[in-house]
Structures are given as C-alpha cells and as structure tokens.
Amino acid sequence: MQFLPGISLLGLVISAFAKIYEDVSALPTREFDFVLTYVGFTDTTRLTENSAVSVLVLEAGASNQNILDSEVPFLASNLWGSLYDWNYTTVPQVGLDNRTIGYPRGKLLGGSSSINLMAYTRGSSDDWDKYAEMSGDIGWSWKNIQPYVRKNEGLMPPGRSPFDPRYDPLVHSRIGPVEVSLPEYYWPSDHRVLEAAQELRREFPYGLDVNDGDPLGVGWIQSTIGNGTRSSAATAYLGRDFAARPNLFVLLHAHATRITTQNGRQAQSNAEMVAAADRSLPIGTRYNVTARKEIILAAGTFNTAQLLLLSGIGDSDALSSLGITPILHLPDVGRRMSDHPLVPVTWIVKDNITFGTFLGNSTNFNIALTQWNKSRTGPFSFTPPQLFAWQRVPDKDTFLQSIADPAAGPHSAHYELIFATRELSRRPRVCTFSFAHARYLINLFPTVTGGSITINSTDPFDPPLINPNLLGTVTDGQIMIYALRAARRFVETASAWKGYIVAESGAFTNATTDAELLAFARQNARTIWHAVGSCQMTPYGVATGCVDPDLKVKGAKGLRIIDGSVLPFVPSAHTQVPIYIIAERGSDLIKKDWGL
Ligand SMILES: *[C@@H]1O[C@H](CO)[C@@H](O)[C@H](O)[C@H]1NC(C)=O
Ligand SMILES: *[C@@H]1O[C@H](CO)[C@@H](O)[C@H](O)[C@H]1NC(C)=O
Ligand SMILES: *[C@@H]1O[C@H](CO)[C@@H](O)[C@H](O)[C@H]1NC(C)=O
Ligand SMILES: *[C@@H]1O[C@H](CO)[C@@H](O)[C@H](O)[C@H]1NC(C)=O
Ligand SMILES: *[C@@H]1O[C@H](CO)[C@@H](O)[C@H](O)[C@H]1NC(C)=O
Ligand SMILES: *[C@@H]1O[C@H](CO)[C@@H](O)[C@H](O)[C@H]1NC(C)=O
Ligand SMILES: *[C@@H]1O[C@H](CO)[C@@H](O)[C@H](O)[C@H]1NC(C)=O
Ligand SMILES: *[C@@H]1O[C@H](CO)[C@@H](O)[C@H](O)[C@H]1NC(C)=O
Ligand SMILES: *[C@@H]1O[C@H](CO)[C@@H](O)[C@H](O)[C@H]1NC(C)=O
C-alpha cells in the first residue's frame with residue numbers, strides 16, 4: 001500500500017451523512033473489498049450492510065449537497081451544461097442530417113439521478129421477460145425482479161387524500177429509500193389532456209398506473225420526488241442511516257483512468273485512478289486503489305464502456321491500432337447501444353401559466369421559490385410534464401406487418417407522448433408536446449446497426465465518441481412518422497382542446513406527407529437521454545455481449561458492471577428505475593458470490 005506525499009490536504013468533509021473525502025491523501029487506506037466507480041450507491045448501501053466489508057466509491061465530480069438546482073425539481077434543467085455535467089456531445093448523427101447533439105450526464109454524487117427529470121417508470125413486463133430470455137437468466141424476468149422493485153421504491157403518501165385515483169397502490173412499495181410521488185401542483189392543460197384521452201379513448205385509453213407491467217395508455221407521471229424535493233441515488237442510498245457506516249468511503253474528484261491487471265492475470269482487482277478530474281494535474285498525482293474482492297463499474301453507458309476500452313478490454317485490433325495493449329478481447333464493448341430519440345412538436349395556445357411564468361419573471365420566480373423553500377409545495381415542487389401517453393402502432397399497420405415487432409411484446413410501447421406547457425424562444429404561450437418513440441429491440445446479431453461508444457484517444461480525460469444512431473434505421477423513422485401523426489390526432493381532433501389550441505407552430509405546420517414528417521423529425525430530433533446497452537449481458541458461455549447474466553465481465557476476474565450498459569435494449573420506459581433494479585439485484589448477486 002502506498003500513500004502519495006504532498007497534494008493539498010482538503011481532508012474530510014463532515015456532511016450530514018457519509019464520510020465524504022475531497023482528497024485521496026485523507027483516505028485512511030487504499031485497499032478495500034469493493035471499489036465502485038462512479039455512482040453505485042445502491043450496491044454500496046447493500047454491501048455495507050455487512051460491517052466486515054469495506055467499500056470505496058469513487059466520484060469524478062463534486063458532492064450533491066447544497067445544490068439548489070438539484071434539490072428543486074422544477075430547476076433541474078439548469079444543471080445541464082453546468083459544472084455538474086459531463087457535458088458530452090454526440091458525433092454527427094446520420095439520421096439527424098449529420099447534426100451533433102448535446103448529451104448531459106450527471107457529474108456529481110448520484111450521477112445522472114442528480115440531474116435528470118426524475119420519471120419513475122419500470123418498463124413493461126415484456127421488456128423484462130425479454131431481458132430474461134436474452135440473458136438466459138429467469139432472474140431478470142418481470143416476476144422475479146419484483147422484490148428488487150419493492151426494495152428500491154418508497155412511495156410517499158399522497159398529500160391531499162389517502163385515496164388517489166391517479167395510481168394503483170397495489171403495485172407500489174413504501175419501504176425503499178428512493179422516494180416516489182405524484183404531482184401536487186396542477187397546470188391548466190392537465191385536465192385537457194385527460195379529457196382528450198377520455199374522448200379519444202379507443203386510441204388513447206386511460207392507464208391507471210404506468211408501473212403495473214402494462215404501461216400502455218395516458219396517465220399520470222410518477223417521479224423520484226419526495227416532499228417536493230429530488231430523491232436521487234445519493235440522497236436515498238447515501239442518506240438516512242446508511243451513510244454513517246464506518247465501512248463506507250466516498251472519494252470525490254476521482255476520475256478513473258484505467259483498470260490494471262495484477263500478476264499478469266486479466267482484469268484483476270486492482271485499479272489505477274487519478275486524483276482530480278483535471279487534465280492539467282501532473283501524472284504523478286495519479287494513484288492506485290485496490291479492490292480485494294471486486295471492482296464494480298457503475299459509471300453509466302458512456303463512461304463504463306470508455307473505461308473498459310482505456311483498460312485494454314474491447315476489440316483487440318481496434319485497441320492495438322490506438323496503441324493500447326489489449327488485455328482481454330471482448331469485441332462487443334461499446335457496440336449495439338440503443339437510445340430514444342425525442343422530437344418536440346409545438347402548438348401555439350391560449351394559456352397564462354407556462355414555464356415562462358416562473359422562469360421569465362423574477363417576481364414570480366421568487367414567489368415560487370419562497371413557497372418551495374417554506375413548504376416544498378407549488379410549481380417548483382415537481383417537474384412538468386405531469387402526464388404522458390405510452391402507445392403502440394396498431395398491429396394492422398402496413399409497415400409493422402412487414403417486420404418483426406420492434407417492441408419486446410404487446411405490453412411494450414412503440415412511442416411515447418409527453419405533454420407540457422412552456423415557452424419556445426421568445427414566443428409566449430406556446431404549448432409543447434414532445435415525444436420520444438419508445439422502441440428498440442436490438443437482436444443479438446452483430447451486424448445490426450445500433451449505436452456505439454468508441455474512443456479515438458488514450459487520454460482518459462478526452463470524451464468518448466458517442467453515437468446513439470438516432471433515427472438511424474427505417475423502423476425508427478416509420479415509428480416516428482406514426483407518432484407525429486398520432487400527436488396531431490390527439491391535439492387536433494379532441495374537442496377538449498377547443499379554445500385553447502390556436503395553431504400548429506414552426507416547421508411542423510408544413511409537414512404532412514411521410515417524407516415531410518421524416519424530414520421534420522430529422523431536423524428536430526434530439527435525445528431524451530436513455531442510452532443503454534454498451535456492454536450487454538448475454539447467456540453464460542456465449543461469446544457475444546460483454547457480461548454474463550450475473551453482470552461479471554466475460555473472461556475477467558473481479559470485475560462487474562452494474563449500470564444501464566448491461567441492458568440488451570432500451571426498455572419501454574425512462575431508464576432510471578430499470579437501472580435501480582439492476583443495482584438492487586446486482587448487489588444480491590455479489591453478496592451471494594462472496595457469502596456476505
Ligand atoms: C458545455 O458544452 C457547451 C457546448 O460545447 C459549452 O458551451 C459549455 O461551455 C460547456 N459547459 C461547461 C461547464 O464546460
Ligand atoms: C452526412 O454525412 C455523410 C458522411 O459524411 C454524408 O455521406 C451524407 O451525405 C451527409 N448527409 C447530409 C444530409 O448532409
Ligand atoms: C498502479 O498500478 C500499476 C499496475 O500495477 C502500476 O503500473 C502503476 O505504476 C501504479 N501507479 C501508481 C501511481 O502507483
Ligand atoms: C390566469 O388567468 C386566470 C383566469 O383568467 C386568472 O384567474 C389567473 O390569475 C391568471 N394567472 C396568471 C399567473 O396570470
Ligand atoms: C411579473 O409577474 C407579475 C405578477 O406576479 C406582474 O405584475 C409583472 O408585470 C410581471 N413582470 C413582467 C416583466 O412581465
Ligand atoms: C430558505 O429559507 C431559509 C430560512 O429562512 C433561508 O436561510 C434560505 O436562504 C432560503 N433559501 C432559498 C433558496 O430561498
Ligand atoms: C416537507 O418539507 C417542509 C419544508 O422543509 C417541512 O416543513 C415538512 O415537514 C416536510 N414534510 C414532510 C412530510 O416531510
Ligand atoms: C477524436 O474525435 C473528436 C470528435 O470527433 C475530435 O475532436 C478529436 O480531435 C479526435 N481526437 C483524435 C486524437 O483523433
Ligand atoms: C410553410 O410553407 C409555406 C409555403 O411554402 C411557407 O411560406 C412558410 O414559411 C412555411 N412555414 C414554416 C413554419 O416553415
């Protein structure tokens with residue numbers, strides 16, 4: 001064990017909770033049973049239940065404490081492009097007319113769960129049953145993940161009445177650390193969405209609860225918000241009584257640069273890391289931390305794949321040509337990533353309460369912030385949108401009949417509509433209906449063009465090359481065209497919108513044919529930040545994929561991946577909860593392996 005001399009001794013920050021170290025020199029040891037990078041608090045909490053086990057979590061960014069924009073749900077988007085964001089950009093997207101798009105990822109304790117829009121969606125039963133089938137492990141089926149869903153979720157009691165017809169209490173848990181709630185503040189357009197759904201119920205039926213295994217229909221959003229405040233992997237799993245554990249260590253500003261081998265064996269449990277997320281620091285400030293049992297990568301779909309590649313785990317030829325010594329030939333690292341494109345569609349509306357009412361007027365902003373600060377209520381206590389619709393292209397659709405169902409099964413959506421009232425540029429009172437299409441069953445054949453994570457530099461401080469391949473296939477385009485027409489039907493045929501909708505807005509106005517709608521989508525799509533699957537799980541003994549269904553890296557020892565990278569395809573959901581589920585089950589798999 002070696003301690004590096006010098007370096008500033010910022011020492012120990014005594015937070016309300018865990019021992020959080022700002023500087024490596026203050027760490028009492030460099031050897032732990034488990035070392036996690038970056039987020040990984042679910043596993044941390046579960047593993048440190050056993051006091052004989054020591055765990056170090058490395059975080060590249062800063063603490064999440066006292067960051068108002070992370071606490072106040074309505075202000076989340078202020079964090080994108082900030083110091084708390086990895087601030088990635090994609091490579092030019094062929095399906096988006098070669099545009100590049102910004103890609104926020106949280107760089108602070110809690111990772112993206114500290115900067116996201118907090119949707120609480122588990123995915124459909126078909127998604128999970130397909131994961132079980134594709135990984136060859138029935139433990140990933142919808143039925144078998146339910147204990148992990150329960151362990152993670154802590155649904156808050158509704159504020160207004162014990163009975164709330166906006167969700168089904170039977171499918172929820174109140175025991176987990178991640179707080180979940182429904183909005184207690186309503187926007188003027190909310191009731192119109194519900195009335196339109198009632199009118200058009202054949203196509204847009206009401207769905208009581210998006211989390212009962214069958215998310216289809218129009219319904220209320222549930223969010224990882226408790227008492228009007230964000231609940232993240234950091235507030236939930238590092239908070240409460242967990243973090244006082246003496247066997248838990250958290251080190252900030254620790255940018256992982258490489259996983260090294262020990263004794264010539266592949267990917268042994270010994271990691272080299274650097275002390276600060278700043279490339280200007282001399283190389284001598286790098287240090288090693290060692291995991292006696294396992295290194296766990298929980299750095300997310302982009303950074304996990306990048307770290308494997310930097311460590312020589314990936315396609316040997318590609319790594320060699322970059323000058324990286326391959327230590328494990330695993331060609332699928334970074335391949336077949338999937339994501340959800342999002343296209344904003346807008347109508348000009350007659351409304352006097354929009355995002356801009358609060359964000360564009362400092363008097364109103366201060367009133368809303370004061371209200372939030374006093375009572376955790378009001379517009380800042382939640383993040384619009386509050387209602388969404390999960391929809392399928394009908395089976396009788398000509399295009400769908402010509403291909404295998406791109407969704408995992410009949411309970412999985414092909415697209416999603418999201419409803420929110422906000423400004424677009426300087427024009428007030430424009431109502432935006434954005435949506436992503438929620439598809440993507442990428443099959444196991446390596447020839448399928450999906451997204452990818454690659455690197456073109458051996459410098460760990462350079463970003464990876466991120467290619468989500470948005471709207472990159474014919475199927476993506478066809479479903480998006482269908483979804484755009486469905487949005488138009490929803491808004492323009494229901495009488496609930498009469499007197500509210502004034503007109504379509506922007507280039508959408510002129511898009512009617514398939515070709516025009518697709519061109520509109522290519523010009524306007526971005527992502528809704530659901531990239532998964534850069535290191536997928538496949539059955540034991542299968543050479544494709546990156547991890548076995550127990551999440552251990554194929555061919556490596558002491559190395560596991562516990563994040564969205566392992567999902568074989570993007571679920572019919574926002575991805576936060578599926579990742580919590582992976583983490584809860586992953587913790588159990590580790591405990592079982594080590595008899596903990
Ligand atoms: C994030 O990236 C954008 C666009 O590349 C840039 O303008 C901005 O300054 C970056 N933010 C930070 C905090 O580096
Ligand atoms: C996008 O870039 C590719 C490769 O450089 C090129 O072949 C293609 O024509 C470009 N597409 C557009 C719409 O500019
Ligand atoms: C970390 O370990 C690797 C491999 O054992 C070694 O090459 C490297 O010099 C070590 N780095 C430091 C800073 O000790
Ligand atoms: C919006 O309009 C309603 C009805 O005209 C009015 O009661 C309310 O005070 C207005 N709200 C704002 C923020 O202007
Ligand atoms: C801001 O909103 C207040 C109402 O709360 C209104 O009196 C004031 O005129 C608004 N300011 C601007 C610049 O629109
Ligand atoms: C919240 O209220 C407390 C106590 O009154 C005050 O110290 C703090 O500055 C307020 N915070 C904000 C963001 O208004
Ligand atoms: C919610 O937060 C407010 C403001 O901090 C506090 O007064 C209230 O007791 C909290 N309610 C619950 C149920 O925790
Ligand atoms: C890697 O790709 C990025 C983005 O295309 C580019 O800016 C950078 O110069 C490339 N780096 C190297 C070492 O080729
Ligand atoms: C729609 O098309 C018309 C006729 O070509 C054109 O004048 C108008 O500017 C277009 N509108 C938008 C928003 O692109």
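We count ligands from 1, going down the list as the structure has it; atoms in each ligand are counted the same way. What you see is a predicted model; the values in this text were computed from it and never measured.
Each of the atoms 13 (C) of ligand 1 lies under 4.0 Å from some heavy atom of S82. Per-residue contacts place G506 under 4.0 angstrom from the following atoms of ligand 9 (heavy atoms of the residue considered): 13 (C). The distance from ligand 1 to the heavy atoms of G81 drops below 4.0 Å at these ligand atoms: 11 (N), 12 (C), 13 (C).
The shortest contact between atom 4 (C) of ligand 5 and any protein heavy atom is with N364 OD1, 3.5 Å. The nearest protein atom to atom 12 (C) of ligand 9, hydrogens excluded, is given as N510 ND2, 3.6 Å; this is a heavy-atom distance. Nearest protein heavy-atom neighbour of atom 2 (O) of ligand 1: N87 ND2, 2.3 Å. When only non-hydrogen protein atoms are considered, atom 8 (C) of ligand 5 lies nearest to N361 ND2, 3.7 Å.
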- [ ] Give the intermediate values and the outcome of side chain to side chain donor-acceptor pair (under 3.5 Å) for residues N467 and Q93.
- [x] CA-CA 7 Å; N467 178 15; Q93 296 294 286; 2.9 Å; yes
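Aromatic ring centres of F461 and H255 lie closer together than 6.0 Å.
In this structure, Y580 and Y237 have tilted ring planes: the angle between them lies in the 30° to 60° band. Between F358 and Y185, the ring planes are perpendicular. Angles over 60° get that label, and only those under 30° would be called parallel.
Counting only heavy atoms, the protein gets under 4.0 Å from atom 14 (O) of ligand 9. Within 4.0 Å of atom 10 (C) of ligand 1, at least one protein heavy atom is present.
Between the side chains of D339 and Y103, a donor-acceptor pair is found at a separation under 3.5 Å.
In this structure, the side chains of W497 and F490 come closer than 4.5 Å at one or more pairs of heavy atoms.
Atom CG of L83 has 12 or fewer neighbouring heavy atoms from other residues, nucleotides or ligands inside a 6.0 Å radius.
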